[in-house]
Amino acid sequence: MKALSKKRRHPLAAVALLLFGLLITGSLYTAAGSISEAKAADTTTASQSDVDEGGKLFVANCATCHGMNAEGTNTGPSLIGVGAASVDFQVGTGRMPMQMQGPQAQAKPVQFTDDQISQLAAYVASLGAGPAIPDEESLDTTKGDAAHGGTVFRVNCAMCHNAAAAGGALTRGKFAPTLAGVSEKHIYEAMVTGPQNMPVFNDSNITPDEKRDVVTFLKTIEANGSAGGFALGSLGPVAEGLFVWTAGLGIIIAFTIWLTSRPS
């Protein structure tokens, strides 16, 4: 028993236990990552013909910046693993192909038809697992909670997009665009793909139901407009104070001129 006890307290036992713990932790992390990747994988079923046509469109319109195999170049990032949602957002809003190099891609008239966008998305999705285009249920605002969506938006999005979703300036010529007029699908896709300077909000950060709530909130305030009257760009108290100061000062000057112009 003494010999067995000594072996159990061998100096290398702690090292072995640590290595065993790291092995178990690494295995669990890998398994969790695989599950998350499977959930994020594009489940959209696309025919091989769509993938092939999308490949042709990609080579003709996108390969100059992103590489012949979407591996990325000095002028464009790799698209392997970005998923169909990223392509649908970037191409569907006209941001891609870019009109010119700049701090960030700007929205412009869409260059492709809906079928061509679907084919491009199918091709890129075939290169690696990534976020899928959201289904109709995820975009059904009748099932969303606008009040809760407003809370989620103010906590996660308002610091860049403004509490009224009017957009705002960022650093080095970048900006967070206004969300008025943006479709439900593109809002959802932006959250799951993180375009431009936006972070990615995966399902661990913001659940699918919360994403739907955010979309519901944005569409609600867009439909209701400004409850307080003139929005003044929704820039907050600075713009409102400047307007009141300018208007008030103008009234005082006009009243002064009117008084001094009266015959004595």
Query raised in the report: Around E71, counting heavy atoms of other residues, nucleotides and ligands shown, do more than 12 lie under 6.0 Å from its CD?
Result: yes

Query - Residues forming a ring pair (Phe, Tyr, Trp, His ring centres under 6.0 Å) with F112, sequence neighbours excluded - result: none

**Report entry** Trace of the side chain to side chain donor-acceptor pair (under 3.5 Å) decision for T142 with D140
**Finding:** CA-CA 5 Å; T142 61; D140 188 357; 2.5 Å; yes

Query raised in the report: Got C160 and F175 here, is their nearest side-chain heavy-atom distance under 4.5 Å?
Result: no

Query raised in the report: Would K219 and I187 count as a side-chain contact (heavy atoms from CB on, under 4.5 Å) if you check the C-alpha gap in whole Å, the side-chain angles of each, and the deciding distance to 0.1 Å?
Result: CA-CA 10 Å; K219 288 305 169 184; I187 294 172; 4.2 Å; yes

**Report entry** Path from V87 to F58 over hydrophobic side-chain contacts below 4.5 Å
**Finding:** yes

Query raised in the report: Where is the tightest heavy-atom contact between A165 and F153, given as atom of each residue plus distance?
Result: CB-CZ, 3.9 Å

Report task. Please state whether the rings of F89 and H186 are parallel, tilted or perpendicular, taking 30° and 60° as the class boundaries. Result -> perpendicular

Query raised in the report: Which atoms form the tightest heavy-atom contact between V51 and A122, and what is the distance?
Result: CG2-O, 3.9 Å

Query raised in the report: Quick check: does any side chain N or O of E189 sit under 3.5 Å from a backbone N or O of S86, one acting as donor and the other as acceptor?
Result: no

Query raised in the report: When Q196 is tested against each of K174, R95, Q106 for side chain to side chain contact (heavy atoms under 4.5 Å, CB included), which residue passes?
Result: R95

Requested in this report: Taking the side chain as every heavy atom from C-beta outward, state whether C157 and M191 have any pair of such atoms under 4.5 Å apart.
Outcome: no

Query raised in the report: Is a donor on one side and an acceptor on the other found under 3.5 Å between the side chain of S126 and the backbone of Y123?
Result: yes

Query raised in the report: So, D52 and S49: side-chain donor and acceptor under 3.5 Å apart, yes or no?
Result: no

**Report entry** Distance (rounded to the nearest 0.5 Å) between D145 CG and D213 CG
**Finding:** 5.0 Å

Query - D50 side chain to Q119 backbone, donor-acceptor under 3.5 Å - result: no

Query - From NZ (K185) to CG (D135), nearest 0.5 Å - result: 12.0 Å

**Report entry** Modelled atom types, side-chain donor and acceptor of T207 and D209, under 3.5 Å
**Finding:** no

Query raised in the report: With a 4.5 Å limit on heavy-atom distance, are the side chains of P195 and Q90 in contact?
Result: yes

Query raised in the report: So, for V192 and V200, which heavy atoms are closest and what is the spacing to 0.1 Å?
Result: O-CG1, 3.4 Å

Query raised in the report: Do Q111 side-chain atoms and P109 backbone N/O form a donor-acceptor pair below 3.5 Å?
Result: yes

Query raised in the report: Same hydrophobic cluster for I251 and L259, using side-chain heavy-atom links shorter than 4.5 Å among ILVMFWY?
Result: no

**Report entry** Neighbour count >12 (heavy atoms, 6.0 Å) for atom CE, M68
**Finding:** no

Report task. Establish whether L179 and V110 are linked, either directly or via other cluster members, by ILVMFWY side-chain heavy-atom contacts under 4.5 Å. Result -> no

**Report entry** Distance (rounded to the nearest 0.5 Å) between L79 CG and C65 SG
**Finding:** 10.0 Å

Query - Considering all heavy atoms, the nearest F201-N156 contact - result: CZ-O, 3.8 Å

Query - Value rounded to 0.5 Å, distance of CE in M98 from NZ in K108 - result: 8.0 Å

Query raised in the report: Is the shortest heavy-atom distance from the side chain of M96 to the side chain of C62 under 4.5 Å?
Result: no

Report task. Please answer whether the main-chain N or O of E137 pairs with a side-chain N or O of R212 as donor and acceptor at a distance below 3.5 Å. Result -> yes

Query raised in the report: Taking all non-hydrogen atoms of both residues, which atom of E222 and which atom of A180 are closest, and how far apart?
Result: OE1-CA, 4.0 Å

Query - Sub-4.5 Å side-chain heavy-atom contact between T220 and N224 - result: yes

Report task. Provide the closest heavy-atom pair for V82 versus V124 in the form atom of the first, atom of the second, distance. Result -> CG2-CG1, 3.6 Å

Query raised in the report: Does a side-chain heavy-atom distance below 4.5 Å link T141 with V215?
Result: yes

Requested in this report: Working to the nearest 0.5 Å, report the span between CG of D203 and CD of E210.
Outcome: 10.0 Å

